[in-house]
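Have a look at the structure below before the remarks.
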Amino acid sequence: MIDIALNISVLKQRIPLSVRIVAVSKTKPVSDILIAYNTGHRIFGENRVQELLSKNDKLPSDIEWHLIGHLQSNKVRFLVPFINMIESVDSARLLSVIDHEAEKAGRIINCLLQFHIAKEETKFGFNLKEVYQLLDSPDFKRMNHVNLCGVMGMATFTDNMEQVREEFKFLRGCHSALKEKYFREENQFREISMGMSGDYSVAVEEGSTIVRIGSLIFGERLTKLT
Ligand SMILES: *Cc1c(COP(=O)(O)O)cnc(C)c1O
């Protein structure tokens, strides 16, 4: 038996209060999310838009939803009315669509820039040079409806924790470089979203401010989704 409430309380004892926990509920039923919600937890993450929309309809409106998976531009408008943070911004075009839809909806959307930090080819994300190009572009300077809050990354799926640590150090370095060059005066650019069930303790040691944790809270997923 999986005890979701106990799992959350154990995690909260292990993770410093300054680090926020996104409870990653992908593939899990609304009833599981409610168990977590009833412990007082409010931040949940999903990686698929359709699933997020259907869960949002059935759950209390004070949940803070984070999108953590690849987002197609044509789905942005469904999220914009209620999403709390889009962690997986992985292209300039996507950011500009978010800005545009947010303007129409009269909102400002919190976003993280997803970096490609893993050795695997398949993971989405920017490199530092691409982000410099984006932030230097006239296009970006016109975006008034996105609030860039920091960076996000997924380490390589491996047992080699030294490699994972290097990848997290690299992401933290990207955050510092951007902070220094573009966001010195902007307090909101402070988030480093890194660390999952298998590597969150290393991530926290390396300066994570947001960890995204699924299986340690809700149990293993039957369907393997990344
Ligand atoms: C599924 C997922 C997680 C959580 O994974 P666990 O290993 O179950 O903690 C975190 N981040 C992203 C982007 C994910 O897709």
Side-chain angles (χ1 to χ4, degrees), residues 7-26 41-47 64 66-70 84-90 110-132 134-135 147-218 220 225-226:
N7 292 345
I8 289 187
S9 87
V10 169
L11 261 181
K12 288 190 173 169
Q13 281 162 31
R14 290 191 183 149
I15 292 175
L17 270 176
S18 57
V19 177
R20 288 191 292 159
I21 300 173
V22 176
V24 177
S25 48
K26 62 190 183 194
H41 195 79
R42 290 294 178 272
I43 312 176
F44 293 86
E46 290 280 339
N47 66 339
E64 295 175 27
H66 286 214
L67 185 80
I68 60 170
H70 179 63
N84 187 264
M85 185 178 276
I86 299 176
E87 295 201 15
S88 43
V89 175
D90 57 10
N110 298 323
C111 294
L112 302 182
L113 299 170
Q114 182 176 356
F115 276 76
H116 180 107
I117 61 171
K119 294 283 181 291
E120 290 120 351
E121 280 298 317
T122 54
K123 287 179 183 160
F124 293 99
F126 288 106
N127 61 40
L128 203 44
K129 189 173 153 228
E130 292 163 337
V131 171
Y132 287 151
L134 164 64
L135 298 181
N147 182 34
L148 287 190
C149 300
V151 301
M152 182 271 235
M154 277 170 96
T156 306
F157 189 70
T158 171
D159 290 335
N160 181 348
M161 283 302 136
E162 282 318 301
Q163 180 182 344
V164 167
R165 186 180 296 279
E166 286 313 306
E167 293 171 359
F168 288 154
K169 276 193 206 300
F170 175 75
L171 184 60
R172 186 186 189 165
C174 292
H175 176 269
S176 305
L178 295 175
K179 174 85 188 153
E180 177 77 14
K181 193 161 160 26
Y182 300 95
F183 300 99
R184 265 172 178 272
E185 309 295 322
E186 284 156 84
N187 212 11
Q188 90 284 349
F189 195 84
R190 58 166 177 253
E191 306 296 353
I192 306 175
S193 175
M194 58 186 186
M196 311 186 359
S197 292
D199 55 20
Y200 77 88
S201 55
V202 178
V204 168
E205 284 167 16
E206 297 306 331
S208 174
T209 66
I210 297 177
V211 292
R212 308 175 311 269
I213 299 195
S215 39
L216 269 187
I217 294 173
F218 296 106
E220 293 299 327
L225 288 178
T226 52

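Between the side chain of Ser88 and the backbone N or O of Gly69 there is at least one donor-acceptor pair closer than 3.5 Å. Looking at Thr158, its side chain does come within 3.5 Å of a backbone N or O of Asn160 through a donor-acceptor pair. The closest donor-acceptor contact from the side chain of His70 to the backbone of Asp90 lies at 3.5 Å or more, if one exists at all. Judged by distance alone, the side chain of His41 and the main-chain N or O of Ile43 form a donor-acceptor pair under 3.5 Å. One N or O on the side chain of Lys179 and one on the backbone of Glu186 form a donor-acceptor pair closer than 3.5 Å. A donor-acceptor pair under 3.5 Å is absent between the side-chain atoms of Glu166 and the main chain of Gln163, judged by distance alone. The backbone N or O of Ile217 sits less than 3.5 Å from a side-chain atom of Asn7, completing a donor-acceptor pair.
Between the CD atom in Glu167 and the CE atom in Met161 there is a gap of 10.0 Å [rounded to 0.5 Å]. The distance from the CZ atom of Phe170 to the NE2 atom of His175 is 14.0 Å, given to the nearest 0.5 Å. Here NE2 of His116 is found 9.0 Å from CG of Asn127. Values are rounded to the nearest 0.5 Å. To the nearest 0.5 Å, the span separating CD1 on Ile86 from CG on Leu113 amounts to 11.5 Å. Going from atom CG of Leu11 over to atom CD1 of Ile213 covers 4.5 Å, rounded to the nearest 0.5 Å. Separation of atoms CZ (Phe168) and CG (Asp199) is listed at 3.5 Å; rounding is to 0.5 Å.
Across every non-hydrogen atom of Tyr132 and Ala177, the tightest pair is OH-CB, 3.7 Å. Gln188 approaches Asn147 most closely through the heavy-atom pair CG-OD1, 3.1 Å. Contact record, Ala203 with Met194: CB-O, 3.3 Å, taken as the closest heavy-atom pair. A pairwise comparison of heavy atoms in Phe115 and Leu178 identifies CZ-CD1, 3.8 Å as the closest pair. Between Gly214 and Ser197 the shortest heavy-atom distance is N-OG, 3.7 Å. Nearest heavy atom pair, residue Arg212 against residue Met154, reads NH2-CG, 3.4 Å.
Ion pairing of Glu64 with Arg42 is absent here, as no side-chain N (NZ or NE/NH1/NH2) approaches a carboxylate O to less than 4.0 Å.
At a threshold of 4.5 Å between non-hydrogen side-chain atoms, the residues Leu216 and Tyr200 count as touching. In this structure the side chain of Ile210 reaches within 4.5 angstrom of the side chain of Glu87, judged on heavy atoms.
Applying the salt bridge (charged side-chain N to carboxylate O under 4.0 Å, His left out) rule to Arg172 yields no partners; only residues at least two apart in sequence or on another chain are considered. Residues satisfying the salt bridge (charged side-chain N to carboxylate O under 4.0 Å, His left out) test with Glu220, not counting sequence neighbours, are none.
Counting only residues at least two apart or on different chains, the salt bridge (charged side-chain N to carboxylate O under 4.0 Å, His left out) pairs with a member in residues 188-198 are Arg20-Glu191.
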